[in-house]
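Reading through the structure tokens given below for one structure.
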Amino acid sequence: MKCTICGREAVENGYCELHARAYQSIVKKYEVWRKALEISWKEYLSEIVKNPFTGEWAKEVAEYLIKIGEEEGGT
Ligand SMILES: [Zn+2]
């Protein structure tokens with residue numbers, strides 16, 4: 001199985017190690033954001049993509065999640 005984003009060897013949920021790690025930190029950070037702000041999962045993802053401080057890995061994951069329209073935290 002290959003990573004759905006970069007095509008490297010996938011280790012978890014169809015992601016390679018780096019994208020799986022980025023995905024987990026996106027999900028974790030959303031819980032913090034959601035408590036502080038009224039923000040939907042999709043709005044949150046587009047904030048990640050727009051944010052110049054987002055790492056490349058996280059940005060790729062967020063773009064991918066927007067594209068497939070994944071619901072919050074789903075696998
Ligand atoms: Zn990958």
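Remember, it's 1-based here, ligands and their atoms both numbered in the order they're listed. Computed from a predicted model, the values in this text were never measured in an experiment.
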Exercise. Does Glu31 come within less than 4.0 Å of Lys35, counting only side-chain N to carboxylate O?
Worked result: no
For this session: Give a yes or no answer on whether the side chain of Tyr23 reaches the backbone of Ala58 with a donor-acceptor pair at less than 3.5 Å.
Result: no
For this session: Determine yes or no for a side-chain-to-main-chain donor-acceptor pair under 3.5 angstrom, with Asn51 supplying the side chain and Phe53 the backbone.
Result: yes
Problem set entry | Atom CD of Glu47 with >12 non-hydrogen neighbours under 6.0 angstrom | yes
Seminar exercise, completed: Protein N/O/S atoms closer than 2.8 Å to the Zn ion (ligand 1), ordered by chain and number, come to Cys3 SG, Cys6 SG, Cys16 SG, His19 ND1
Exercise. What about Val32 and Leu65, same hydrophobic cluster or not, with Ile/Leu/Val/Met/Phe/Trp/Tyr joined at side-chain heavy-atom distances under 4.5 Å?
Worked result: no
Exercise. What class does the angle between the rings of Trp33 and Tyr44 fall in, given that below 30° is parallel, 30 to 60° is tilted and above 60° is perpendicular?
Worked result: perpendicular
